[in-house]
There are 2 protein chains.
Amino acid sequence: MITLTEENYIKAIYHLGNNGVNTVNTNAIAEAINTKASSVTDMIKKLSEKNFVDYKKYQGVTLTEAGKRVAVNIIRKHRLWEVFLVEKLNFSWDEVHEVAEHLEHIQSEKLIDELNAFLDYPTHDPHGDPIPDKDGNFTHIDKIVLSKAEVGVAYKCVGVVDTSTTFLQYLDSNHIGLGTLITINHKEPFDNSISIKLEHGDIVVSQSVAKNLYLKKI
Amino acid sequence: MITLTEENYIKAIYHLGNNGVNTVNTNAIAEAINTKASSVTDMIKKLSEKNFVDYKKYQGVTLTEAGKRVAVNIIRKHRLWEVFLVEKLNFSWDEVHEVAEHLEHIQSEKLIDELNAFLDYPTHDPHGDPIPDKDGNFTHIDKIVLSKAEVGVAYKCVGVVDTSTTFLQYLDSNHIGLGTLITINHKEPFDNSISIKLEHGDIVVSQSVAKNLYLKKI
DNA sequence: AGATAAATTTAGATTACCCTAAATATATTT
DNA sequence: AAATATATTTAGGGTAATCTAAATTTATCT
Ligand SMILES: [Mn+2]
Ligand SMILES: [Mn+2]
Ligand SMILES: [Mn+2]
Ligand SMILES: [Mn+2]
């Protein structure tokens with residue numbers, strides 16, 4: 001039996017540790033999950049007892065294979081629900097995360113399998129993040145951030161790094177979303193801002209925006 | 001702030017007290033919720049503090065208006081999710097209850113409003129139970145149980161009293177579901193069993209079955 | 001009415017999760 | 001290599017929800 005709280009810790013460790021590959025330290029978890037470091041230490045001991053993490057005092061934690069399976073399954077559910085909310089219930093991409101945080105904990109294999117089929121087996125969520133299959137395999141897309149893209153090449157927007165409401169709404173107001181075609185006109189060396197060509201016309205985006213938009217050559 | 005546990009207690013009190021009209025005693029709640037009477041007493045005190053129930057020691061509880069609002073809202077969510085599971089995700093009517101028990105606690109007004117619209121504003125759940133609207137109003141259907149129906153009159157099945165898996169599967173195996181047309185051939189006085197005419201042919205059902213099927217004249 | 005049974009509440013613990021403050025270990029400076 | 005700063009853990013408690021066993025109240029039976 002795994003509790004909702006344990007699931008959230010495991011998910012945080014997975015994300016903080018670069019999808020389960022790196023060691024994660026206590027303070028990082030505390031900040032991500034909005035608790036105190038001492039609470040994290042307590043929970044880490046419990047997760048270690050249950051063999052979801054490997055833990056050596058003062059040395060941080062890494063997920064075990066079992067821990068990774070739990071994490072990936074929650075992420076699968078989270079992203080499938082996000083697709084559902086956007087595709088079927090008219091949520092916008094900046095509204096789905098909070099609700100999905102709750103829906104992801106519903107335990108029913110049939111529910112997720114049927115939802116997956118109902119949504120026609122989506123491979124990516126509304127933010128361009130890949131949806132793992134039942135076995136935990138992700139479909140990899142070869143994407144780069146706008147700040148590292150080349151001038152004059154035709155790209156398509158395929159995802160975002162930051163999924164905060166403010167960033168997503170900024171993109172909305174500039175008519176940028178998944179699938180939007182983007183070509184770089186000019187990179188300004190002074191402040192690393194970038195002038196890009198969209199369907200509707202040209203706009204200039206700051207370096208922070210450019211670092212948070214994933215593109216793919218078309 | 002209301003916890004998931006509090007919601008479950010309030011819902012149980014609502015159902016046990018005949019939709020919030022009767023006083024409910026401690027043992028009944030304990031049995032419904034699968035806890036001990038002493039735990040119920042504790043929780044009742046808390047609910048009373050929060051003004052969801054009226055409580056006098058040793059005299060049982062009744063829901064306040066605020067308590068009824070909470071109960072009806074959870075029931076609304078529960079039944080809408082049940083419709084979703086049956087209509088969209090290929091669940092059968094005996095599989096939905098357990099999952100809906102969890103989904104009903106997800107807190108998002110937009111989620112439920114959009115789900116309601118997506119399902120095309122259903123008025124009844126897969127068991128024939130009415131779905132309250134946002135203001136808590138139920139659409140009332142004039143239904144009677146099969147055991148009180150008249151011989152020779154054409155009825156339609158519009159609901160069940162017992163929603164247990166075993167009963168619902170019994171109905172499935174006898175090709176009885178919501179909308180099934182039923183006419184009584186004969187009522188056997190000896191054991192109160194009833195011979196009924198279905199589309200597929202005649203069958204005899206026991207008194208226990210007859211007491212758990214809701215019919216409506218057509 | 002008095003005795004007995006049943007229902008309900010109280011007392012005292014337990015588990016999960018979280019907190020503050022103090023102690024200890026590791027990392028960074030000088 | 002100290003000294004200082006930072007990160008982490010431990011100690012000691014708190015709250016929500018649960019439990020068992022004992023005490024108390026209400027209901028039922030002679
Ligand atoms: Mn999300
Ligand atoms: Mn997402
Ligand atoms: Mn149900
Ligand atoms: Mn139902």
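Treat the numbers as computed from the prediction; the structure is a model and nothing was measured. Chain identifiers are assigned alphabetically (A, B, ...) following the order of the sequence lines, protein sequences preceding nucleic acid strands; residue numbering begins at 1 within each chain.
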Look at the side chain of A:S38 and decide which nucleotide, out of D:dT8, D:dA11, C:dC18, has an atom nearest to it.
->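 Closest nucleotide to the A:S38 side chain: D:dA11.
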
Indicate whether any N or O donor in one side chain lies under 3.5 Å from an N or O acceptor in the other, for [X] and [Y].
X: B:H105; Y: A:H102; answer: no
X: A:T166; Y: A:Q169; answer: no
X: A:W93; Y: A:D172; answer: yes
X: B:E7; Y: B:Q107; answer: yes

Would you mind classifying the nucleic acid contact of A:T41 as base, sugar-phosphate or nothing, using non-hydrogen atoms under 4.0 angstrom?
->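 Result for A:T41 = base.
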
Determine the contact category for A:K45: base if any of its heavy atoms lies under 4.0 Å from a base atom, sugar-phosphate if only primed atoms, P, OP1 or OP2 are that close, otherwise nothing.
->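 Sugar-phosphate contact only.
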
Residues within residues 17-30 of chain A bordering DNA chain D, heavy-atom distance below 4.0 Å |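 Correct list: A:N25, A:T26, A:N27.
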
Roughly how many Å is it from [atom1] in [X] to [atom2] in [N], rounded to a whole number?
X: A:Y55; N: D:dT9; atom1: OH; atom2: C1'; answer: 7 Å
X: A:L4; N: C:dC18; atom1: CG; atom2: P; answer: 10 Å
X: B:E6; N: D:dT15; atom1: CD; atom2: P; answer: 16 Å
X: B:N34; N: D:dC19; atom1: CG; atom2: C1'; answer: 13 Å
X: A:D42; N: D:dT10; atom1: CG; atom2: P; answer: 9 Å
X: B:E7; N: D:dA16; atom1: CD; atom2: C1'; answer: 15 Å
X: A:K36; N: D:dT8; atom1: NZ; atom2: P; answer: 15 Å
X: B:M1; N: D:dA16; atom1: CE; atom2: P; answer: 12 Å

May I ask you to say whether A:K68 pairs ionically with A:E65, meaning some side-chain N is under 4.0 Å from a carboxylate O?
->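 Looking at A:E65 together with A:K68, the answer is yes, because their closest N to O distance falls below 4.0 Å.
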
Check: A:F84 ring centroid to B:F84 ring centroid under 6.0 Å =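 So the answer is yes for these two rings.
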
Ring centre gap for B:H97 and B:H78 strictly below 6.0 Å =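 Under 6.0 Å, so yes.
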
DNA chain C: 5'-proximal contact among A:S39 and A:K57 (nearest heavy atom) |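 This one resolves to A:S39.
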
Would you indicate, yes or no, if C:dA16 has its OP1 or OP2 atom less than 4.0 angstrom from a side-chain nitrogen or oxygen of A:Y9?
->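 It does not, given that no N or O in the side chain of A:Y9 lies less than 4.0 Å from OP1 or OP2 of C:dA16.
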
Is any side-chain N or O of B:Y58 closer than 4.0 Å to OP1 or OP2 of D:dA23?
->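 Result: no.
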
